[in-house]
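Please read the structure below before turning to the comments.
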Amino acid sequence: MKKINRIFRIFYILWRYDLFSLLRGAIKPGLLRVLIWPFSLLSPAKKLPRGQRIRLALEALGPVFIKFGQVLSTRRDLLPEDIADELAKLQDDVPPFSNHLSREIIEKALGFSIDDVFKSFDATPIASASIAQVHFGVLKGTTKHPEWEDKHVAIKVLRPNILGVIESDLALMHSLAAVIEKFSYDGKRLKPKEVVAGFDTTIHDELDLLREAANCSQLRRNFEGSNKIMIPEVHWDLCHVNVMVMERMYGISIARLDDLKAAGVDLQMLARDGVEVFFMQAFSHGFFHADMHPGNIMVSLDPETFGRLISLDFGIVGTLSEIDKNYLVQNFLAFFNRDYHRVAALHIESGWVPPETKVEELEGAVRAVCEPYFDRPLKEISLGIVLMRLFQTSRRFKVEIQPQLTLLQKTLLNVEGLGRQLDPDLDLWKTVKPIMQTWMNQQVGFKGFWEKLKSEAPQWAQKIPTLPRLMTTLLEMEVDSKKQNHILEIKNLLEKQNKYYRNINFASIFLLGLLLGGALSYFLLTITR
């Protein structure tokens, strides 16, 4: 019954925000198009832009659909710009669940009373979203952890019964994706089944706070000793799949520019630090925070850490392999050198373009996309948009863009937008180029060769002593192989000879039988005469 009510609710919202008109225009002629025609009439939101109607509908459908819209906004290679821009405005802000329920979840997860571990616990959440909410507290020292005494912490708690709600809505999304793929003009290009499957994985990852705690710890370890960014410490003994306890971070939102200026923060330096930190994550570590919007970034005003960035919320992260990093760095360097042939060749070398693709055709398409940017000053060029245009162009040549690259492109757009909000004159390329060149030197220069040699040394140290034995074994195998081949040759020869002799014996017996039979016949005839 709940599922039927949910379906009726979805139909009502689709009608209210006139989305049936959009669906009808996208569906191939047939019975389904006829059936939804009445629903595309008399909607109260007909005059609103389509992107705004879609955003409002997702907000009305609730937390799971809001989250889906946020994830979908990263796929600018699939969506028109007006829709992608509107989806990026989706706010994941919902009413908190009850204080009593929050305490109950924490105590059940940790296995003891809140009063046993916390000196104080603020039952009113400081933030509430579709998946979880956050409380503040102060820890007590314990026999095992005396260092916890008076530690200020943030406690993240998953919403109760959220998994059931998510599973139900995901089932509807998978069904809707199948319908769109079958009946829509753009069904194959948009790959709705793959998009929903990707979202399914993402949201289930966010439901595991142990995974988020691991992401947080990894980022903190990567930036240990940094004077540009701070990552909270995770208290692992107080973490569970639905509860995460971490160091409380003090600062103000990076979006509060007036307050930052009044506090004396150097906004230009902050912008450069933010860009450098992101590119260090992506190209030095290959592990990056993929949800770097202003709500997840603060700035420290503490005298000891003044002006440093503070990163929060680690549910979504991205990873880049050495191949991914090489592809991106070489594309960016070729782009700024206006070497479009190299950009096209990189797409083919990566194996993402069908082998029959003509490099000259792809080069022409890339030139048409990129050349207009060079009429602008370098400081106005957006690397995120360049990457997006490259992906869109690649799609025409049947390139399957990897999910981690679209996630990077979405995060890059966020970082660029934030950086230029802090410093409108930020020259992104000037800030990023040294990081990319350093990475290239580490990969292809003597330093890179030496570093790889050092990284491989432990494995070689284990293998070198065993080389004589391995070579002896290999030689024995070679000798055995030759023996086996020789034996097989002899066996084949013997079989041929045996077959030959068997044939000869059979023929001899047959001829002898004929001769004997003939002689016997002649003898009998002679007697009878």
Side-chain angles (χ1 to χ4, degrees), residues 215-216 218-232 249 251 253-255 257 260 265-294 296-301 304-314 316-320 322 324-326 328-333 335-336 377-387 404-405 407-443 447-448:
N215 295 339
C216 178
Q218 179 69 56
L219 285 167
R220 180 181 171 85
R221 188 161 55 252
N222 288 347
F223 283 99
E224 191 172 358
S226 171
N227 62 356
K228 298 181 185 295
I229 188 169
M230 300 161 63
I231 313 288
M249 308 302 285
S253 171
I254 199 168
L257 298 184
L260 291 174
V265 175
D266 185 340
L267 297 189
Q268 292 182 334
M269 177 66 75
L270 196 64
R272 289 195 297 273
D273 285 351
V275 171
E276 284 183 22
V277 162
F278 171 69
F279 275 86
M280 282 181 67
Q281 289 180 51
F283 295 101
S284 295
H285 309 146
F287 184 82
F288 62 93
H289 192 306
D291 201 15
M292 292 181 70
H293 59 75
N296 288 339
I297 305 173
M298 297 194 302
V299 180
S300 174
L301 299 183
E304 293 183 8
T305 56
F306 186 82
R308 291 188 199 175
L309 295 160
I310 299 170
S311 186
L312 303 171
D313 196 346
F314 310 94
I316 305 176
V317 296
T319 57
L320 295 178
E322 294 302 312
D324 295 329
K325 289 188 278 187
N326 182 63
L328 290 165
V329 170
Q330 293 206 49
N331 262 291
F332 284 140
L333 291 172
F335 166 76
F336 279 99
L378 280 178
K379 69 180 183 180
E380 294 181 12
I381 296 177
S382 164
L383 293 182
I385 291 179
V386 168
L387 199 58
Q404 68 272 21
L405 296 186
L407 192 59
L408 178 93
Q409 174 251 315
K410 166 255 185 183
T411 311
L412 182 52
L413 283 171
N414 285 345
V415 170
E416 283 185 326
L418 188 57
R420 290 201 166 112
Q421 188 179 359
L422 295 167
D423 179 12
D425 294 324
L426 176 68
D427 187 337
L428 197 71
W429 180 239
K430 185 178 178 181
T431 306
V432 167
K433 189 176 180 181
I435 298 173
M436 292 190 174
Q437 287 179 329
T438 299
W439 185 86
M440 285 294 290
N441 291 336
Q442 290 173 345
Q443 296 301 305
K447 184 179 179 182

Between [atom1] on residue [X] and [atom2] on residue [Y], distance to nearest 0.5 Å:
{"X": "L408", "Y": "D324", "atom1": "CG", "atom2": "CG", "value": "9.0 Å"}
{"X": "Q281", "Y": "N222", "atom1": "CD", "atom2": "CG", "value": "8.0 Å"}
{"X": "L320", "Y": "F288", "atom1": "CG", "atom2": "CZ", "value": "5.0 Å"}
{"X": "S311", "Y": "M249", "atom1": "OG", "atom2": "CE", "value": "9.0 Å"}
{"X": "D273", "Y": "I229", "atom1": "CG", "atom2": "CD1", "value": "9.5 Å"}
{"X": "L270", "Y": "K228", "atom1": "CG", "atom2": "NZ", "value": "10.5 Å"}

Exercise: identify the closest heavy-atom pair between [X] and [Y]:
{"X": "A290", "Y": "G318", "result": "CB-N, 4.0 Å"}
{"X": "P294", "Y": "I254", "result": "CA-CG2, 3.9 Å"}
{"X": "D423", "Y": "A271", "result": "CB-CB, 3.9 Å"}
{"X": "T305", "Y": "S300", "result": "OG1-OG, 2.6 Å"}

For this session: Evaluate the criterion side chain to side chain contact (heavy atoms under 4.5 Å, CB included) for residue pair V415 and V277; output intermediate values, then yes/no.
Result: CA-CA 10 Å; V415 170; V277 162; over 6 Å; no
For this session: Scan side-chain atoms only and decide if N326 and E322 contain a donor-acceptor pair under the 3.5 Å cut-off.
Result: no
Exercise. Hey, mind stepping through N215 and F287 against side chain to side chain contact (heavy atoms under 4.5 Å, CB included) and telling me if it holds?
Worked result: CA-CA 9 Å; N215 295 339; F287 184 82; 3.8 Å; yes
For this session: Taking ring pair (Phe, Tyr, Trp, His ring centres under 6.0 Å) as the test, write out the residues that go with F223, two or more places apart.
Result: H285
For this session: Measure the shortest side-chain to side-chain distance between P434 and F279 over non-hydrogen atoms and say whether it is less than 4.5 angstrom.
Result: no
Exercise. Are D291 and H289 close enough, and set up right, to give a side chain to side chain contact (heavy atoms under 4.5 Å, CB included), and what steps lead you there?
Worked result: CA-CA 6 Å; D291 201 15; H289 192 306; 3.7 Å; yes
For this session: Would you mind checking if E224 and R221 are paired as a salt bridge, meaning a charged N to carboxylate O distance below 4.0 Å?
Result: no
Problem set entry | L328/F283 under side chain to side chain contact (heavy atoms under 4.5 Å, CB included): CA gap, chis, key distance, verdict | CA-CA 9 Å; L328 290 165; F283 295 101; 3.9 Å; yes
